[in-house]
Structure formats: C-alpha cells, structure tokens
Amino acid sequence: MLLLLFGEHLSRNSLLPALAPRIDGTSNSISVGAFSLLQRVDEKLCRALGCLNRPVSDFAAWKITSATLSPENAREGLKNLANQSILQVEIQNRLAIAVLLPNLEVSLTDAEESEIKTVQFSPKEWLPTAWQDAHPDYLRVGAPSGDLIQTDLPISLPQNAAGYRVRAFYPQ
C-alpha cells in the first residue's frame, strides 16, 4: 500500500489529469467519487511530502458552449465600411481539475466555406479584464474546475464573410 501511495505521488502530474472526470454530467458517479477520494489522498500526501502543482494543457477539457457573431451596431448595417462585429463566446473547463487556458482561433469563411481570414487570441487577449483581475495567477495555475467564461471579442469582418468557426488550441 505504501508503494502504491508513493507511486501515485511521483506520477501525480500525469495521473491526476488522465483520471479526472468531466464535471458536465457525462462521467459516471463512481468515477467522480473515486476521483474525489484520490484527490483527498493526494492532498494529504502533498502536505506530508510536498508537491509541485502543474496544471494540465488539455484542449479536450474545454467546451465552447456558445459562439455568436453579431454586428457591433445593427442599425448601421451596410453603411459601416469597417464591418466591425462582436463575437460573444462562452467556454467552460469541463474537467475536475484546473486546466491551462487555451488560445482561441476564429476562422472566417466565405459562402463556399473557404477560409478567408483567421484571427487568433491569446488568453490575455480574450479573457475579460474582470476575470483576469479575479484570477491574477491565471497564466500559471489555469482556470478552476467547471469555470464558465463569457467574453466579447471585437472582430473586423471582410465584406465577403459568410460564416465562422471558433476553436480552442494550445500553441506549439
């Protein structure tokens, strides 16, 4: 048993993320309970032996729950040559552990679904200022489990833009 506990402690930075269940209701209750027990044991071991906590970068942890692109001023319509729009994105960390924040990429497409422009946002660029102020160490510790983040991003659209895609990614 002691060997098992020591092994968990040595491999905790890869073991915990691999075993972390999703908190969005898609994981069964047995795995959620077992992971909760594992976290309590891990916390006790960390207090006794010390730990280096590193958040994981797992793009599968992130779920983009909504993304809506709308004109900044709907009344301006075609008179607005800059074609400024607002992309409203809602993204959630679904894992039961903290996860590093991803970059967001917006791909704008024309009517034939051909990509015409790509815009990338780092976490510092896409995270709301209030969220950054509430989580001053966010670049180092990541987003808490279950955190749902809503943000508004200004985007200048090309005249032939007809569609868009939003994805989360980690740069190489």
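When reading the values below, keep in mind they use all heavy atoms of this one structure, side chains included, and skip hydrogens, waters and symmetry mates.
With contacts defined as side-chain heavy-atom distances shorter than 4.5 Å, the pair Val99/Ser57 does not qualify. Using a 4.5 Å heavy-atom cutoff, the side chains of Leu127 and Ile149 are in contact. Here the side chains of Ser145 and Leu95 are not in contact, with every heavy-atom distance at 4.5 Å or above. For the pair Gln84/Pro154, a side-chain contact is recorded, criterion being any heavy-atom separation below 4.5 Å from C-beta on.
Side-chain atoms of Asp110 come within 3.5 Å of backbone atoms of Ser114 as a donor-acceptor pair (strictly under, hydrogens ignored). Remark: the backbone N or O of Ile97 is paired with a side-chain donor or acceptor of Asn93 at under 3.5 angstrom. A donor-acceptor pair is defined here as one N or O able to donate and one able to accept, closer than 3.5 Å; no such pair exists between the side chain of Ser31 and the backbone of Pro21. A distance-only check finds a donor-acceptor pair linking the side chain of Trp126 to the backbone of Pro102 [under 3.5 Å].
Considering OG1 of Thr118 and CD of Gln120, their distance stands at 7.0 Å, rounded to 0.5 Å. In this structure, CD in Gln92 is found 11.0 Å from OG in Ser66, a value given to the nearest 0.5 Å. Note that CG of Leu101 and NZ of Lys124 are 12.5 Å apart. Values are rounded to the nearest 0.5 Å.
Glu105 pairs with exactly one of Arg165, Lys117, Arg167 by the salt bridge (charged side-chain N to carboxylate O under 4.0 Å, His left out) rule, that one being Arg167.
Of all heavy-atom pairs between Ser122 and Asn103, the closest is CA-OD1, 3.6 Å. Scanning both residues, Arg22 and Ala61, for their nearest heavy atoms gives NH1-CA, 4.4 Å. Heavy atoms only, all atoms of each residue included: Pro158 and Leu108 are closest at CD-CD1, 3.7 Å. Across every non-hydrogen atom of Ala161 and Leu157, the tightest pair is CB-CB, 4.4 Å.
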Legend entry - Test side chain to side chain contact (heavy atoms under 4.5 Å, CB included) applied to Tyr138 and Gln132, step by step: CA-CA 7 Å; Tyr138 71 93; Gln132 290 181 39; 3.2 Å; yes
Inset, instruction - Evaluate the side chain to side chain contact (heavy atoms under 4.5 Å, CB included) criterion for residues Val106 and Leu87: first the C-alpha distance (whole Å), next the side-chain angles of each, then the deciding distance (0.1 Å), finally the verdict. - result: CA-CA 9 Å; Val106 181; Leu87 177 67; 3.4 Å; yes
Legend entry - Worked verdict on Leu100 versus Tyr170 for side chain to side chain contact (heavy atoms under 4.5 Å, CB included): CA-CA 9 Å; Leu100 287 175; Tyr170 291 100; 4.1 Å; yes
Inset, instruction - Could you walk me through whether Ile86 and Ile155 pass side chain to side chain contact (heavy atoms under 4.5 Å, CB included), step by step? - result: CA-CA 6 Å; Ile86 299 292; Ile155 295 181; over 6 Å; no
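For residues 23-44, there are no ring pair (Phe, Tyr, Trp, His ring centres under 6.0 Å) pairs, not counting sequence neighbours.
One hydrophobic cluster, built from ILVMFWY side chains closer than 4.5 Å, cannot hold both Val141 and Trp62; they sit in different ones. Ile116 and Val166 fall within the same hydrophobic cluster, where Ile, Leu, Val, Met, Phe, Trp and Tyr residues are linked whenever their side-chain heavy atoms come under 4.5 Å apart, directly or through other members. Under the 4.5 Å side-chain heavy-atom criterion for ILVMFWY residues, no single connected hydrophobic cluster contains both Leu148 and Ile64. Using a 4.5 Å cut-off between side-chain heavy atoms of Ile, Leu, Val, Met, Phe, Trp and Tyr, with links allowed through other members, Ile23 and Ile91 fall into different hydrophobic clusters.
The number of heavy atoms from other shown groups lying within 6.0 Å of CZ (Phe169) is above 12. Around atom CG of Leu37, more than 12 heavy atoms belonging to other residues, nucleotides or ligands sit under 6.0 Å away.
Looking at residues two or more places apart in sequence or on another chain, you find no ring pair (Phe, Tyr, Trp, His ring centres under 6.0 Å) involving Tyr164. For Thr109, there are no side-chain hydrogen bond (donor to acceptor under 3.5 Å, both in side chains) partners, not counting sequence neighbours.
A salt bridge is absent between Lys63 and Glu90: the closest approach of a Lys/Arg side-chain nitrogen to an acidic carboxylate oxygen does not fall below 4.0 angstrom.
Trp131 and Asp147 share a side-chain donor-acceptor pair at under 3.5 Å.
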